[in-house]
Colleague: 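Dropping a structure here in C-alpha cells format, bear with me for questions.
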There are 2 protein chains.
Amino acid sequence: MVTIRDVAQEAGVSPATVSYALRGDPRIRPETAEQVLKAARKLHYTVNLTAKNLRTGRTGIIGLALYELNLPYTASLVSAITNEADRRGLQVLAQQTGYTREGESAVFRNVTNQFCDGTIFAASHLSNDDLLTLSQGKPIVLLDDRTPPSERAFDTVLSVGAEGVREATELLMRQGARRIAVLGADRMSPEQARGLHTVTARRLTGFFEALASGSSSPTDETAEAAGFLPCTWSSEAARTTIIDAVRGGARFDALLCMTDLVSMGAVRGLTDCGLSVPDDVKVIGVDGIHETAYTVPSLSTVAVDFQDLARKALDLITSRIDAIASGEADDPGLPPRTLTADFTVIERESTGGQG
Amino acid sequence: MVTIRDVAQEAGVSPATVSYALRGDPRIRPETAEQVLKAARKLHYTVNLTAKNLRTGRTGIIGLALYELNLPYTASLVSAITNEADRRGLQVLAQQTGYTREGESAVFRNVTNQFCDGTIFAASHLSNDDLLTLSQGKPIVLLDDRTPPSERAFDTVLSVGAEGVREATELLMRQGARRIAVLGADRMSPEQARGLHTVTARRLTGFFEALASGSSSPTDETAEAAGFLPCTWSSEAARTTIIDAVRGGARFDALLCMTDLVSMGAVRGLTDCGLSVPDDVKVIGVDGIHETAYTVPSLSTVAVDFQDLARKALDLITSRIDAIASGEADDPGLPPRTLTADFTVIERESTGGQG
DNA sequence: ATGAAAGCGCTAACAT
DNA sequence: ATGTTAGCGCTTTCAT
C-alpha cells in the first residue's frame, strides 16, 4: 500500500505538506502542490479512508435502514439515495430491519453506530426516545415519520400524503367512480385521519377531502366511500382481501389502493373473480413503481419523485452532520424539519386511460 | 466517546486486557474477563470499528457492484446478499455502475478500494486484466462471469444457465408449443452458443438441447425454433420488439424470454396486439422475480434461488479474504472457482398452468 | 511556506 | 495471566 509518506518522499516534502497539497490547501505554493500531485499520480496513491476517518471522526458513509430491501418501492429508494449520495461523494450502507423492533435496534447497534455518520431510517417500532438513545448523538432522518408534527424529534421527509391521494381520488371521480373502496387501510373517520399522522392517515385525509369537495361541486352525481378493506401492503394480502370482499358481496366501482403492490394484488384478485379493470372496477395506487407501466392493464398511480425524495433526505442529513462536525455538539441547533417529496399522478389503463 | 482506555480504567486493568477480554481471548482469566465485560456494559462501550480497521486492515464491508439497483432482479440480489452478510457479521455497500465502463471502474476507485475487503461484481465492460489492475489485490467474485471457463481469472457464481432453460423449454413443449421464439437474445447457432459463455449463450444452449432431445423422443409432433427476437432485458424493449414482430408477421406459439422483465413486456406487447397468453402464445421467463406471481396472467419462470446464490458468493469471497488475511499474499492460492446457484421451474398461467 | 510531532482508538508482539 | 509498547495512515496544531 502506498501511503502519504511514500508520496512525501517521492516529492521531496513532508507528509504534512502532502496532506495539505492533496486537499488544495492555499498555504502550499502552487509549484510544490504540483510536485506532490505528480508524485501521487506516479505512485497511484489513494487516501486510506480508514485512517482519515479515524483522524477526522467521519466515515462518509450514510446508513439506510429499511424494513425490507426486496420490494420495488424500497429498491427505488435505495437506488435514488445511492445515486444522490454518490453525487455528493458519500456511500450508502443499506440494511433491512425486517419490520421488527429487534431488527431495527440491531441496525443501530451493529451498523449505524459503527460505520455511519448518520442514518436515513424508516421507523416502525421505535419511539423517538428509543431512537434518541440508539442514535448516540448521530443524526437521523426519518422516512415518513408518524409522530404528530408538534412532537417530532427528528428531521423527516414525507412521501405521498393527502395532496397526492386527493388528486388520485379526484381522477377516479372524474372517470365516473361513484362507490370508491379503500384497499390497504383500516376504517377511519375524517377526524381520526386528521388526528393521526401515519402514512395511511395522511392519505385518507386526501381521500376524504376529495369526497367532500366533490359533493359540493355541481356534478350530477356524487361519489361516496364504499368501505375500507384493510390488508398489509403486499400483493398477496391485497389479492386475498379483494377475493374475500367480492365473494362477501362488497359493492364498489373503484378501488383506492394505498400502494402499487396493493393495486397489483387487487387487479389480480379482481381478475380471479371475473371482474374487469377498468370496466367493472377502476383501480389506482400510490408509489409509482416501475412495473405498474407494464402490467395488464397498466396501473394508474401517484408516483413519488424518488430523486427529489433522495435529495431532500440527503440535504437534511448532511446539514446535521456538518453542524455536528463544526462543533455544535450540545447545541440545540436547528429544530426538526419536515420536507415533502414531489409527486406526479400518472393516468393509465386501470382508471380508463391509455396504456 | 467511550474508549477501551475508559473501560480499562473502570475495570482496573490495562487496555490490552480489555481488548483481549472483549474478544474472548482464552488467555484472560474468566473473572477478569467478567470484570471487563461489566465495566464495558456499564459505560455503554462499543468498539470503534474505524480504529479497529486501521489496525487490522479489514473493514468487514463487502462491496456489491451491480449495473442498476432499481430492478427486481438486482433488488433480490441486494436483499439476499445483505441478509447473508448480516448473518456472518459483515456489511454490504451496494453500488450501481450504470452499464458503463467508466461507472464500473469508478466503483473500484471510490468504493471498493477504500471501504471494502472484497467485491461481488456483475461485470460487463471490464476485462479480467482491467479487474486485476483495479482490484489492487482485493478479492473479487463475479456474478455470471462471461469469460470461458478455461480463462477464468476470478471466482464466479452463475445464475440460471443451460439446465434451467432446458427445463423451461421442455415445459413449453409439454404444453403443446411447436414454434418457440426466443425473446431477448441475438440469433446464435447451437455451436456458437456452446462456444460463448455469456448468460444468453448458456441459456440458449439449454434451449437447443431441449429442442434436440425433443425431436428424438416419440412424440407425434416436434417443436422448432421460430426465430430470435433480440432486445435488451427491459419490459419496454420487450414490449416494442414483440409488437413489431407480430405486426411484421412473425409466427410463434410460445416465447422463451431471457428474463422475467422481458416476459412481462412480452405479455404486455402481445396483449396490445390482441393476442392472448397462454391461449395464443405461451410465455416463460427466467429469474423468479416476485412480481411474476401477481401479473395477469401469472408468469411461469425459472426462479433463481437467491439465498443459495448469496451464500455461494459470500463463501467464495470470505474464503479469499481469509486467505489473504492469513498472509498468503503473493501465494498462487486456490484456483478460480465456479459455482452455480440452484433454481426451480415455476409453472404458472402463462404456460397454461394454474395461477 | 513548510516541517515536526502528537495523537485518533485499537490490536498484537513482546515483555514481565 | 496481564501489562507495555509500538504502530496502522492520516490530519492538525504548533514551530520554524
Side-chain angles (χ1 to χ4, degrees), chain A residues 1-37 39-40 43-61 113-117 136 138 324-327 329, chain B residues 1-37 39-40 43-61 113-115 117 136-138 324-327 329:
Chain A
M1 163 173 252
V2 25
T3 77
I4 212 171
R5 310 189 96 85
D6 300 320
V7 178
Q9 188 161 8
E10 174 76 24
V13 297
S14 76
T17 303
V18 174
S19 177
Y20 288 131
L22 254 25
R23 281 169 304 131
D25 192 299
R27 284 183 294 181
I28 304 300
R29 206 153 35 96
E31 303 89 81
T32 315
E34 187 47 47
Q35 292 296 312
V36 171
L37 252 23
L43 302 179
H44 293 108
Y45 169 82
T46 50
V47 265
N48 177 325
L49 282 183
T50 307
K52 178 174 179 166
N53 294 340
L54 177 58
R55 186 56 229 241
T56 61
R58 290 173 63 164
T59 64
I61 300 179
N113 295 331
Q114 308 282 7
F115 298 99
C116 306
D117 294 338
Q136 307 248 41
K138 289 185 183 174
I324 288 177
S326 52
Chain B
M1 162 174 252
V2 25
T3 78
I4 212 171
R5 310 188 98 85
D6 299 321
V7 179
Q9 187 162 8
E10 175 76 23
V13 295
S14 76
T17 302
V18 173
S19 177
Y20 288 131
L22 254 25
R23 280 169 305 133
D25 191 299
R27 285 182 295 180
I28 303 301
R29 205 153 36 94
E31 303 90 79
T32 316
E34 185 48 47
Q35 292 296 313
V36 171
L37 253 23
L43 303 178
H44 292 108
Y45 170 82
T46 49
V47 265
N48 177 325
L49 281 185
T50 308
K52 179 174 179 164
N53 294 340
L54 177 59
R55 185 57 228 240
T56 61
R58 290 173 62 164
T59 63
I61 300 180
N113 295 333
Q114 307 284 3
F115 299 101
D117 295 337
Q136 307 249 40
K138 290 186 183 175
I324 288 177
S326 54

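Below, all heavy atoms of this structure are taken into account, side chains as well, without hydrogens, waters or symmetry copies. Throughout, a chain's letter reflects where its sequence line sits, starting with A, and its residues are numbered from 1.
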Colleague: So, is S19(A) near the phosphate of dT11(D), with a side-chain N or O under 4.0 Å from OP1 or OP2?
Modeller: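 Result: yes.
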Colleague: Kindly give the heavy-atom pair with the smallest separation between T59(A) and D117(A), and that separation in Å.
Modeller: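 Taking every non-hydrogen atom into account, N-OD1, 2.8 Å.
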Colleague: What's the closest nucleotide to the A51(A) side chain, out of dC10(D), dT11(C), dA4(C)?
Modeller: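 My answer, after comparing the listed nucleotides, is dC10(D).
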Colleague: Does a nitrogen or oxygen in the side chain of S14(A) sit under 4.0 Å from OP1 or OP2 of dG3(C)?
Modeller: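 So the side-chain polar atoms of S14(A) do come within 4.0 Å of the phosphate oxygens OP1 or OP2 of dG3(C), strictly under.
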Colleague: Applying side-chain contact (heavy atoms from CB on, under 4.5 Å) between V18(B) and each of I4(B), L37(B), I28(B), T3(B), report the one that passes.
Modeller: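 Testing V18(B) for a side-chain contact (heavy atoms from CB on, under 4.5 Å) against I4(B), L37(B), I28(B), T3(B) leaves exactly one candidate, I4(B).
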Colleague: Heavy-atom nearest nucleotide on DNA chain D for Y20(B) versus P15(A): which residue maps closer to 5'?
Modeller: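 That would be Y20(B).
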Colleague: Assuming nearest nucleotide by heavy-atom distance, tell me which of Y45(A) and P30(B) is located more 5' along DNA chain D.
Modeller: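 The residue mapped nearer the 5' terminus is P30(B).
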Colleague: Considering only side-chain heavy atoms of R27(B), which listed nucleotide, dT12(D), dT2(D), dA12(C), is closest?
Modeller: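 Nearest listed nucleotide: dT2(D).
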Colleague: Measure the distance from CG on D6(B) to C1' on dG9(C) and round it to the nearest whole Å.
Modeller: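 One finds 11 Å between C1' of dG9(C) and CG of D6(B), rounded.
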Colleague: Using whole Å, what does the distance between atom P of nucleotide dG9(C) and atom CZ of R58(A) come to?
Modeller: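 About 17 Å, once rounded to whole Å.
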Colleague: Both R5(A) and G12(A) contact DNA chain C. Which one's nearest nucleotide lies toward the 5' end?
Modeller: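 Whichever sits nearer the 5' end wins; that is G12(A).
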Colleague: Under 4.0 angstrom, heavy atoms only, what part of the nucleic acid is L54(B) near: base, sugar-phosphate, or nothing?
Modeller: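 Base: the residue L54(B), judged by heavy atoms under 4.0 Å, touches a nucleobase.
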Colleague: Starting from C1' on dG9(D), measure out to CG on N48(A) and report it in whole angstrom.
Modeller: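 So the two atoms are 6 Å apart, to the nearest Å.
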Colleague: Is there a side-chain contact between T32(A) and the phosphate of dA1(C), meaning an N or O under 4.0 Å from OP1 or OP2?
Modeller: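 For dA1(C), neither OP1 nor OP2 has a side-chain N or O of T32(A) closer than 4.0 Å.
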Colleague: Could you state the CG-P distance from N53(A) to dG9(C), rounded to the nearest angstrom?
Modeller: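 One finds 13 Å between P of dG9(C) and CG of N53(A), rounded.
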Colleague: If every non-hydrogen atom of N48(B) is compared with every non-hydrogen atom of L54(A), which pair is closest and at what distance?
Modeller: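 Minimum heavy-atom separation between N48(B) and L54(A): ND2-CD1, 4.4 Å.
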Colleague: Looking for any heavy atom pair under 4.0 Å, which part of the strands does R29(B) touch: base, sugar-phosphate only, or nothing?
Modeller: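 Sugar-phosphate only.
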Colleague: Rounding to a whole Å, what distance do you find between I28(B):CD1 and dT11(C):C1'?
Modeller: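 Nearest whole value for this atom pair: 13 Å.
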Colleague: Of the nucleotides dT11(D), dG9(D), dT2(C), which one has an atom closest to the side chain of R55(A)?
Modeller: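 The nucleotide sitting nearest to the side chain is dT11(D).
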Colleague: Figure out the CG/C1' separation between D25(A) and dA1(C), and round it to whole Å.
Modeller: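 Rounded to whole Å, this separation is 10 Å.
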Colleague: Would you mind reading off the distance between Q9(B) atom CD and dG9(C) atom P, rounded to a whole angstrom?
Modeller: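 From Q9(B) CD to dG9(C) P: 14 Å.
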Colleague: Where is the tightest heavy-atom contact between V2(A) and D6(A), given as atom of each residue plus distance?
Modeller: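 Nearest heavy atoms, V2(A) then D6(A): CA-OD2, 3.3 Å.
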Colleague: Between S14(B) and A8(B), which heavy-atom pair has the shortest distance, and what is it?
Modeller: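 Heavy-atom minimum between the residues: C-CB, 3.7 Å.
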Colleague: Examine dT11(C): is either OP1 or OP2 under 4.0 Å from a nitrogen or oxygen in the side chain of T56(B)? Give yes or no.
Modeller: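 So the side-chain polar atoms of T56(B) never come under 4.0 Å of the phosphate oxygens OP1 or OP2 of dT11(C).
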Colleague: Rounded to whole angstrom units, what separation is found between the CD1 atom of I4(A) and the C1' atom of dA4(C)?
Modeller: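 About 14 Å, once rounded to whole Å.
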